[in-house]
Structures are given as structure tokens and as C-alpha cells.
Undergrad: 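Have a look at this one.
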2 protein chains.
Amino acid sequence: MDVRALETLRAVRSQGGVTAAAAVLHLTPSAVSQQLAVLSRDAGVPLTERVGRGLRLTAAGDALADAAVDVAVALERARAACAAFAGSPTGTVRVSAFQSAAWMLLPGLLTRVAARGGITVECSDEDVAQDAFPALTDRHDVVVAHRPAEADPGWGGGVRVVPLLREPLDVAVPAGSPLAGRVALEPADVAGADWIAVREGFPVARVLADVGVRTGTAPRVVQRINDFHVVEALVAAGHGISLLPRYSSGGHPGVRLVPLAGVRAGRQVDALVRPDAAERRVVAVVLEELVALAGELRRG
Amino acid sequence: MDVRALETLRAVRSQGGVTAAAAVLHLTPSAVSQQLAVLSRDAGVPLTERVGRGLRLTAAGDALADAAVDVAVALERARAACAAFAGSPTGTVRVSAFQSAAWMLLPGLLTRVAARGGITVECSDEDVAQDAFPALTDRHDVVVAHRPAEADPGWGGGVRVVPLLREPLDVAVPAGSPLAGRVALEPADVAGADWIAVREGFPVARVLADVGVRTGTAPRVVQRINDFHVVEALVAAGHGISLLPRYSSGGHPGVRLVPLAGVRAGRQVDALVRPDAAERRVVAVVLEELVALAGELRRG
DNA sequence: ACGTCCATGCAGCGACGCTACATCGACAGC
DNA sequence: GCTGTCGATGTAGCGTCGCTGCATGGACGT
């Protein structure tokens, strides 16, 4: 029973297919398929079953994939066991963040980590639909993800979750607008407005819908834009108003952020790590710095 | 970091050398040496150091070997995870026992296990010095071992211990001897006798020495024989008396077993299993039967 | 019905790990 | 002292295992 094959099985589950798993493992689909065949042969039970043109894990496959995580964790602990004798943690950590978190956190993270020395952080920005965040942990050691702060089931898929900060969502209005001078806005104030929202399925989309429920009228979404800097430019130009996170936006001079009263609107920013990656000392160090940095932002 | 290399490291520790480890792993010493070299290269620290013409593990190597056990356990759990879907436990279990336990337990164990069906038990009898019992778990799944019941440090070396039974040690005397009629013997009764003991370093050797301490005179050992059936023959022929376990000896018509009063003399019979082997369902089943059988013997 | 996508079989090649043998150092015996 | 033995470690050569590349077959959408 090969550990590489177990890792492959785990990847097939989290990526949802042979081809996708092959991509994150830097292999061809054929190799993945062969590994699965060998694995299920010496497991004695079929681990996958065809469904449509793809496949999914059987109950046995699912159980084995769960066990595979424990194997990976044990192996990583083994590495850590002698890394402890090798001196201070060193290596490279791959960090991914969605755009606004990248803007807010990555510069500070890089300077903080650089101060410790010996650790390389490879950053990248990936913004995906909410369901897809856990699967990113196959490509990155730390994935900064976000979700609605209220009434959210959280992250599935066996990832370790480290909360970073809860960020209120404010209403972004043009600086010249009559709403710009208010200290707070009620849902009724913005009931009939034109909205600029994020694309469907993306984390904060549901928050705007929830606000709509309070006023009784569904918000009229005129644009769907994911990049908050673009949204700010649109708001400043009077093309609509938007819900924007308080800490990671608001740089545009033509935009004012006004708190929304009467509704708890916020997004939760979390760091997601695979359990085995979490065992790596370097990863733990980077996570530590990330948490500390988020704490500073919340207070400052 | 290869799991086979980790397993090899563990074997080198428990066997105390490259050559011995190679033997239990069915490899050449060269292969073992190469695996260690690769392992310590990508661990970044030396895992072994030469001492005399052999070697021993460094602190890092020891830590890594500990971690290797957890890896093996996790892997075995993975196997068990899908074996649960494959139906009732099947396979072969290698059981080793020292001679008297083999005589006492193995026949019953084989019939009990055969009654369940599907499980093959490969028996062998190995009687070694007390220190050497844990290392036997590298060659066998279940090792039935014994040690003095009182004042014994127990088994080292990271094996899982399952107690089977505590067996009193009685004094074996010739049937014609004046001592044969007694219901119990005091240490003073046998102070000046000629003794037939086991070889030095073997588990029950220390018990006889302890009895000597009570009488103030060291027992005079005239023969050292490990096989209890041979001992009985010698006792029956009048060549000396001996301390023999109550349940697993006494078949010889010319020998009487008389309890020893005033001293707690006994041996503890344990089953030793490697933590990873203990995860195998078949092994667990065989152990279960072994424990049940030992319980019957104690009561019956 | 056709094109596309996805998983899977098969041939061929490369790489890795093993065996066999030689070497070197350490201990015991004469 | 030297010699013989044992134990660990390098080196050459070979076998095997797993990967790539390509072809096949089934499933969905147009």
C-alpha cells in the first residue's frame, strides 16, 4: 500500500476527478488512474465508481482517503521530528489569498516573515467560488479564504481552519451622494438602490441577498464584479452602490464607506491548511505571523 | 521520505544493527545501509553514528524511529479501513511462543482460530533471553513472552503488551521424595537443595535468585536447562529439584509440584505485539482468542 | 449524429533500489 | 606485534516498477 497512491486517492477526492487530481500532482491522468487501479487491487475492494463521465469514491474509498490524511500527518510529523534537530525552520511556503485579502495581508506577511529569515513565501492570488476554496489546499500550503460571517456552514472537506478576522461589510457610496454624510445607514435607506455585487457563488454574494431579505425587496444588481478596486471605481462614477469590506477597501477618494445598521453584515476571513501541511514547522510559523498580522489590522 | 526506509530505521534500532535488521527485512546489509544513507540525507541530520564496529541511532534517529512507528500505525489503519468493507478478517498471523507457553497455548489457539475460519496461524517456538523478546516482534505478529511476575521493569522498546496470565512457580520434587507429600514448602525446606535452573538471563532465572535471598543462602544450581520437560526428567531421576510453572508443566509421573509458601514466586506471561501489527484486524482476533484461552486455563 | 470530455488500457522508456562483491575499520586470539 | 573475523559501507550491474504518450471507449451536450 503505497503512500503516494494514498495521496493520489485523497487528491482525486478533493479535486473531484482523475484529470484535476493529475494536474495538482504534476502527473498524467493515466498515472493517476493506474495508481488507483493498483491501490484498489491490493485493498481488495473497489475504491472508485464511474458516475457519468467522471467518477466518485465508494464508501471504502472515502474511508481510505480519510485514513490517507492520517498517514500524511504521521509522515509530516516524522519529518518535523528530525527537522527539530536540524535547527530553525527553513523552507518555502506557498500562500494563496483572494484579491482583497492579498492586498490587505500579503505585503505585511512578507515583511514579517522576511524579518525572521530563512523562509521563502511564494504568494499567489486565487479567488474562486466558495465551495472551491478547500480544494486549493492541494496546490497551496496556506489558503486565505472568506465566507459570510453569519449563518454559514463553514468549510467542509477536512481542512484545518484558522480564523484570521471578522470584517464588517459597509455600504460604499459615491462621495458626493446624500448618503455619504450619514454615520450609519438602515437597510431601508438602500432598498431601492442599484447594486454592484460579486459574481454568483462567490462568498459575499449571500450577504447582500440577506440584506435584501430584511427590506422585503430583492436588491437590484446591475453589475457583477469581483475586484473591489474596480467596484470602487464604478461606485465613484455613480454606477451604483456596493457592499465592501471595511479593512480591505476604501482607498478610492471618490468613495465613502458607511456602516450598515440593523443588519449583521460581515465576512469571515480564515486561513485554510491541509492537516499534513499544518504539521510542517515553517507552515506553522507563517500561520502564526498571519494570525498576528490579522490581529494588528483588527485593532489598528 | 520513504516509508520503507522508516521501517528499516525502526528495525535497525530494535535489532541493534544493520546486519540483523537486514535479516528480518529479508534484505542485504548493503540495501539497509543505502536506505539509511538516503534517509539521513533528506532528513538533513545524521541518524546513526558508528560505535565500535556497529552503530547506534543518534537522538534525531531515535526521534525519527519513534515517528516511524506512528507512520506504520497510520498505514495499518488505512489497510484496516478498507478491510472493514472486504468482509470478515482473513489472512495469516505469525505467532511465536517460548516452549512451555507453546505447549500450553498453541494447540488450543489453533483449534479456536480454526473454528472461526479464514485465518491461518503460523506458529513457531522461540525462547530467548528476556531482553530479546521485544525484538522478536520484528519477525512475528504476536510474541508470547514471560518475565518474573514481581519486581520486574516490564518490556521496553515500544511494544504493546497484552497480559495473558500470571502463573505461580511451584517446587518440582521427585515423587518418592519426603517433600512430595507436603501441601506446601517453606523456603527453608529447600534451602540446601540441588537446583536445576534455566540458563542465565532467561526470565525465570531471577525468581530462583529471589527465593535464595529469603533464605540467606544462594541456591546451589547444578544444572541449567531451559526445556521444562527435560527438567522434569532430571527431577524424576533425582538429579535435583526445580521451580516449574504450575500450568505448563507437571505431566511427568515421577514429579510432584508442591506450592511454595512465604514467597511470591510467579511468572507473568504476556503477549507482545508491535503497535502497527496490533492494528491488523486478524491479529486483533487472534489476540482475542489467545486472551480468552488464557482465561480458561487460569480458571480451569 | 457529431464533437468533446473524461477515464482507462497498452507499449516503451527511464529511474530507482536491489544484489553481489570489494573495501575499510574494529575487536579478539595467538 | 600480526592475523582472522565480523560489521558497516561504497561501487557496478541488473531487474523492476511507475511514468509518459497515444489510442480506445463510454457519456454528455449541441
Side-chain angles (χ1 to χ4, degrees), chain A residues 1-43 45-58 60-62 64-65 68 71-72 75 132 135 138, chain B residues 1-43 45-58 60-62 64-65 68 71-72 75 78 132 135 138-139:
Chain A
M1 187 156 288
D2 186 19
V3 290
R4 306 217 320 117
L6 287 173
E7 178 64 16
T8 299
L9 179 68
R10 210 198 48 67
V12 167
R13 176 171 68 175
S14 70
Q15 295 294 321
V18 171
T19 307
V24 302
L25 296 172
H26 304 294
L27 289 173
T28 58
S30 179
V32 171
S33 185
Q34 289 175 45
Q35 286 192 10
L36 290 182
V38 173
L39 197 60
S40 85
R41 192 173 52 77
D42 65 34
V45 283
L47 300 174
T48 57
E49 56 191 3
R50 304 280 320 228
V51 42
R53 53 186 163 184
L55 54 72
R56 77 153 167 262
L57 301 199
T58 62
D62 206 49
L64 188 56
V71 172
L75 254 176
D138 286 342
Chain B
M1 188 155 289
D2 186 18
V3 291
R4 307 217 318 118
L6 287 173
E7 177 64 15
T8 299
L9 179 68
R10 211 198 47 67
V12 167
R13 176 171 68 175
S14 70
Q15 294 294 322
V18 170
T19 307
V24 302
L25 296 171
H26 304 294
L27 289 173
T28 58
S30 179
V32 171
S33 185
Q34 289 175 45
Q35 287 192 9
L36 292 183
V38 173
L39 197 59
S40 84
R41 193 173 52 77
D42 64 34
V45 281
L47 301 173
T48 59
E49 55 191 1
R50 304 279 320 229
V51 43
R53 51 185 165 186
L55 54 72
R56 77 155 167 261
L57 301 198
T58 62
D62 207 49
L64 188 56
V71 172
L75 254 175
D138 285 343
R139 269 200 304 265

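All values below come from the heavy atoms of this structure, side chains included, with hydrogens, waters and symmetry mates left out.
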Undergrad: Rounded to the nearest angstrom, tell me the gap between atom CG in A:L25 and atom P in C:dA7.
TA: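 In whole Å, C:dA7 P and A:L25 CG are 13 Å from each other.
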
Undergrad: Reckon B:Q34 touches a base, only the sugar-phosphate, or nothing at all at heavy-atom distances under 4.0 Å?
TA: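 Base contact - B:Q34 has a heavy atom under 4.0 Å of at least one base atom.
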
Undergrad: Using atom CZ of B:R50 as one end and atom C1' of C:dC27 as the other, report the distance to the nearest whole Å.
TA: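 Between C1' of C:dC27 and CZ of B:R50: 12 Å.
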
Undergrad: For A:R10, is there an ion pair with A:E7 - N to carboxylate O distance below 4.0 angstrom?
TA: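 So A:E7 pairs with A:R10 through a salt bridge.
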
Undergrad: Relative to the 5' end of DNA chain D, which residue comes earlier, B:V18 or A:G52, by the nucleotide with the nearest heavy atom?
TA: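 Whichever sits nearer the 5' end wins; that is B:V18.
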
Undergrad: Tell me whether the OP1 or OP2 atom of D:dT20 has a side-chain N or O from A:T28 closer than 4.0 Å.
TA: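 Yes, because at least one side-chain N or O of A:T28 sits under 4.0 Å from OP1 or OP2 of D:dT20.
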
Undergrad: Report the nucleotide, chosen from D:dC19, C:dT8, D:dT9, that has the shortest atom-to-atom distance to any side-chain atom of A:A31.
TA: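 Selected nucleotide (nearest to the side chain): D:dC19.
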
Undergrad: Between A:L36 (CG) and D:dC19 (P), how many Å, whole number?
TA: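 Atom-to-atom, A:L36 to D:dC19, this comes out as 11 Å.
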
Undergrad: In whole Å, I'd like the distance from the CG atom of A:L39 to the C1' atom of D:dG18.
TA: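 In whole Å, D:dG18 C1' and A:L39 CG are 14 Å from each other.
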
Undergrad: Write down the distance between CG (A:L47) and P (C:dT8), rounded to a whole number of angstrom.
TA: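 My rounded result for the distance is 11 Å.
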
Undergrad: For the side-chain contact (heavy atoms from CB on, under 4.5 Å) test, which of A:L36, A:V12, A:L64, A:L55 pairs with A:L47?
TA: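 Of A:L36, A:V12, A:L64, A:L55, side-chain contact (heavy atoms from CB on, under 4.5 Å) with A:L47 is met by A:L64 alone.
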
Undergrad: Rounded off to whole Å, could you give me the CG-to-C1' distance for the A:L27 and C:dA7 pair?
TA: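 After rounding, the gap between these two atoms is 15 Å.
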
Undergrad: Without decimals, in angstroms, what is the distance between A:D2 CG and C:dG17 C1'?
TA: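 Spelled out: CG on A:D2 to C1' on C:dG17 is 14 Å.
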
Undergrad: Is B:E49 reaching over with its side chain to a backbone N or O of B:R56, donor-acceptor style, under 3.5 angstrom?
TA: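 A pair under 3.5 Å: no.
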
Undergrad: Describe the nucleic acid contact of A:T19 in one word from base, sugar-phosphate, nothing, applying a heavy-atom distance below 4.0 Å.
TA: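 Sugar-phosphate: the residue A:T19, judged by heavy atoms under 4.0 Å, touches backbone atoms but no base.
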
Undergrad: Do B:D2 and B:L39 come within less than 4.5 Å of each other through their side chains, counting heavy atoms only?
TA: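 A side-chain contact under 4.5 Å is absent here.
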
Undergrad: Which heavy-atom pair separates B:P46 from B:S40 by the least distance, and what is that distance?
TA: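 Looking at all heavy atoms of both residues, the shortest contact is CA-CB, 4.3 Å.
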
Undergrad: Over how many whole Å does the gap from A:R53 atom CZ to C:dC6 atom P extend?
TA: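 Going from CZ in A:R53 over to P in C:dC6 covers 7 Å.
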
Undergrad: When the nearest nucleotide of DNA chain D is assigned to B:S30 and to A:V38 on a heavy-atom basis, which residue is associated with the more 5' position?
TA: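 Residue closer to the 5' terminus by nearest nucleotide: B:S30.
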
